[in-house]
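The sequence lines fix the lettering, A, B, ..., with proteins before strands; numbering per chain opens at 1.
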Amino acid sequence: MTDDSPNPSVGALRVQFGAAVRRAAVTCGETIVYVARERARDILAWLKDAPTERYDYLADVTAVEYRDRERPIELVYQLWSLDRKELLRVKVELPQDEPLEVDSVVDLWQGANWLEREVYDMFGITFRGHPDLRRILMWETYSEGHPLRKDFPLRGRFSRSEQVRQALSGELDAHYSMEELSIADAYTTLPADMRERLRGRPAAQPGSAPPRTVAFDLFTPGPDAAGRATGVPLGVSAALEDAEPALRTDHMLLNVGPQHPATHGVLRLVVELDGEVVVRVIPHIGYLHSGFEKLGEYRHYNQIITLTDRTDYLSAMSNNVALALAAEKLMGITITERCVVLRVIACEMSRIVSHLVWAGTTAIDIGAFTVFLWMFQERERIYNLVEAWTGARLTTSLTRVGGLMADIPEGWAEELRRWCQRFPKTLDEVETMLSRNGIWLGRTQDVGVISGAEAINYSLSGPMLRASGVAYDVRKDRPYLGYESYDFDVPVGEHGDVYDRYLVRMEEMRQSARIILQALDRLPDGPINVSDPRVVLPPKSRAMADMEAMIFHFKQVMEGVPAPVGETYFAVENPRGELGTYLVSDGTAKPVRWRIRPPSFINLAALPRMAEGHLLSDLIAINASVDVVMGEVDR
Amino acid sequence: MVVMPEPSEATGRGGRSGLVVSSPNWLTTRLDYLVNWSRANSLWPMAFGTACCAIEFMATAASRFDLSRFGMERMAFSPRQADVLICAGRLPFKLAPVIRTVWDQMTQPKWCISMGACASSGGIFDNYAMVQGIDTVVPVDVYVPGCPPRPEGLLYGILLLQKKIKGETVFDPALRVEKLTDSRGLFLEPGIVDELSEPFGNSVHQTRSA
Ligand code: SF4
């Protein structure tokens, strides 16, 4: 690590905060500033708001513990400036012999809420001033410790039978917070303006006579000339409560999930209801926590690719690409031309595949079953192509560090081209069914609205952010794989509701097909792997016949490919948003830390904000529009 | 949890209703045939989909593979109206009480298919978070290997389950008795659980981090 050519923000920070900025370093072209723990929050606040800096987007919060236990634990903030398109990593060092405590930044970025809880859960770092510092992935009474600490054994501290027994004999309050258990009084303590918002209309002016009758709005919604729904809401008007004060009832606690068809996996939502209006949503996650990041520390880089398939299993191929790109950046490997283009194809194919599932399942949630069948039909077609290339339908393990596991088979490119030309017709059919369908509009428009500024504050990314009008797309803003040379548009919504998210995703599929066609046109001949025998396995036939090849084969399989000391944060635009891979290496073939910046985890954290004040049935639509993949949320 | 009377030691027969287990005769085998035929061909799945395997389960239910050919198109997302629990995907410890509750809520007769390597054995996740095989938590009838199994694989597993059902008899009171090692505990003896989830072969070396 050297101190040359760091980000200019470092100089500005030194001027502003003097000795609180401990040092700066540049690794893999990325700037890291180490700051004093006491001033960390002030420095982050300044970086967020200072007009010359404007690091308004908190991409990630995580921590790193090194294998050498003498070194302090590092708390890592990845900042991104949406305007200036500049990345900055701020680190706070926490010595192991002092209490692991630091000030929370939730008041600066709402998005930090769950991220800090995760760091607390996994590393045991306490965030002072955090509103709700509880375990998030493991259950509340988990007694084995903090899994990502280096002294925590991979298989846990207890024997397998003891672990099963403890899990099965779970206490009630391990799964509910005390707050939830005493929820019924919460509504009356809410501030008045919030209660008004929850009731969905301004409160009656004091002194004015309450309406006499109960109004029922039973219009069937339909699109107006601009495509927005008219005639909503369908149902009982909110005047009911004022007309019949006696109808005011207690709040009800409803548990949705973790095994529920509309939660898209094992998500659990504890919902506080006032009648049918959602007063509060408290998501409980971690039911699919599989210890990916811990496992990654015990695997070679190429073995981690197998794990990436299984985090976000709807877009396995672009996950594979993300990991390979990050590892290659760390190792300084330049991949071949053909490999670059094939990886672009892989990324865009998985975007389509993933959005297809999203559209199908969301339509089911809102009540349209046919879309599911149509979308899965297309998915089967693309599965066939994926299978012909990688041998697997879902868990592709497509990439290798320095290349790909296989080249595309003969005639495959033509098949894909034909599919890309034909497939938008299915989208047309679906849009004919849904886009101006009265029920669809009524269920999705103005539901789950989040404004652009708030979406940034919650660190949303991908279609969730773009539907709110913020055109942040990693492919355009920090291009990788030569995306800057493709001609494609980034669809952006304007209302930030469920309907706009639907439109954005539908358009993204068309744009992906467009990118694939361009990529197929320019697909160059040549090798798919770099020619370095220390990185890429020699062909098996040579390994059996040639001594040198055999040695390289053996060394790679047994020892892996070592990466130099350093670290990198590499983001790609996944179907769900910015998928960041943060790799820290200490010079061995296994990373010290493999951190996934999980877009759907961060997007899901905004669910309570979007759903509160809507009807319970809207909660299902809003949750569907977030497009969570629990494998990635819980990792 | 099903509490069925233990067959009495002395006679090997028992049952609350005083059913006498005698050797099968024409009447009982015909009745078995009828009952099993109807049970096997209208299995309502309780789709306990957790991870990647659930996507393949969805593909199995969708247009190309069409689960309804086997009388299974009615997805019962409520355990009370389901016959076969299909655990599609990995089962972390945090989810273990959930699948157990779901299983306990299902009414008899019920069966369980463990879909995929994770559900069957923990798969590639030999770590602190993962139950090493759901058979430590619920009894499993059919294991479908694969990561994920192809839809054809799952369909084959379902056919195997149908075959198994066709070999059952309604006259055996001990058929569905579940024995727990303690009231809220394991399905298998702790020693067996530990032994089964012990690493073997190459994976012994996989706990070294550098
Ligand atoms: S067996 Fe494989 S595909 Fe199935 S849940 Fe486990 S990792 Fe995913």
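- Shown are A:Thr306, A:Thr308, A:Thr390; of these, the side chain to side chain donor-acceptor pair (under 3.5 Å) with A:Asn320 is made only by A:Thr308.
- Note: A:Pro147 leads A:Gly560, A:Pro147, A:Ala316 in heavy-atom pairs under 4.5 Å with chain B.
- Neither the backbone nor the side chain of A:Glu559 comes within contact range of chain B; no heavy atoms are under 4.5 Å apart.
- Note: A:Phe152 and B:Tyr128 have perpendicular aromatic rings, judged against thresholds of 30 and 60 degrees for the angle between ring planes.
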*Determine, step by step, whether B:Asp83 and B:Arg39 satisfy the salt bridge (Lys or Arg N to Asp or Glu O under 4.0 Å) criterion, reporting the C-alpha distance in whole Å, the side-chain angles of both residues, the deciding distance to 0.1 Å, and the verdict.*
CA-CA 9 Å; B:Asp83 302 307; B:Arg39 281 179 177 173; over 6 Å; no

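- Using a 4.5 Å cut-off between heavy atoms, A:Arg157 makes no contact with chain B at all.
- Contacts between B:Met58 and chain A at a heavy-atom distance below 4.5 Å involve backbone atoms as well as side-chain atoms.
- A:Met375 does not touch chain B: none of its heavy atoms, backbone or side chain, sits under 4.5 Å away.
- Counting heavy-atom pairs closer than 4.5 Å to chain B, the top-ranked of the candidates A:Leu288, A:Val266, A:Leu137 is A:Leu288.
- Of the two parts of A:Leu373, the backbone and the side chain both hold a non-hydrogen atom closer than 4.5 Å to a non-hydrogen atom of chain B.
- Side chain of B:Ser120 to main chain of B:Ala117: no donor-acceptor pair is present (N/O by atom type, distance under 3.5 Å, no hydrogens or angles).
- Panel note: side chain B:Arg69, backbone B:Asp66; a donor-acceptor pair is recorded below 3.5 Å.
- Top candidate by heavy-atom pairs under 4.5 Å with chain A, chosen from B:Ala129, B:Pro79, B:Ala61, is B:Ala129.
- Of the atoms belonging to B:Ala54, not a single heavy atom falls under 4.5 Å from chain A.
- Counting only distance, with no hydrogens or angles, the side chain of A:Asn319 and the backbone of A:Arg310 share no donor-acceptor pair below 3.5 Å.
- Ranked by heavy-atom pairs under 4.5 Å with chain B, the first of A:Leu307, A:Val592, A:Asn384, A:Val629 is A:Asn384.
- Remark: the backbone N or O of A:Ile285 is paired with a side-chain donor or acceptor of B:Lys94 at under 3.5 angstrom.
- Between A:Trp139 and A:Tyr142, the angle of the ring planes goes over 60°, which puts this pair in the perpendicular group of the 30/60° scheme.
- Highest contact tally toward chain B, considering only A:Gly286, A:Pro153, A:Gly631, A:Ala589, is held by A:Gly286 [criterion: heavy-atom pairs under 4.5 Å].
- When each of A:Gly360, A:Gly156, A:Ser290 is checked for heavy-atom pairs under 4.5 Å with chain B, A:Ser290 comes out on top.
- In this structure, a donor-acceptor pair under 3.5 Å is present between the side chains of A:Glu632 and A:Ser600.
- With a 4.5 Å cut-off on non-hydrogen atoms, B:Cys118 does not touch chain A at all.
- Of the residues considered (B:Ala62, B:Ala51, B:Ala96), B:Ala51 shows the highest number of contacts with chain A, using heavy-atom pairs under 4.5 Å.
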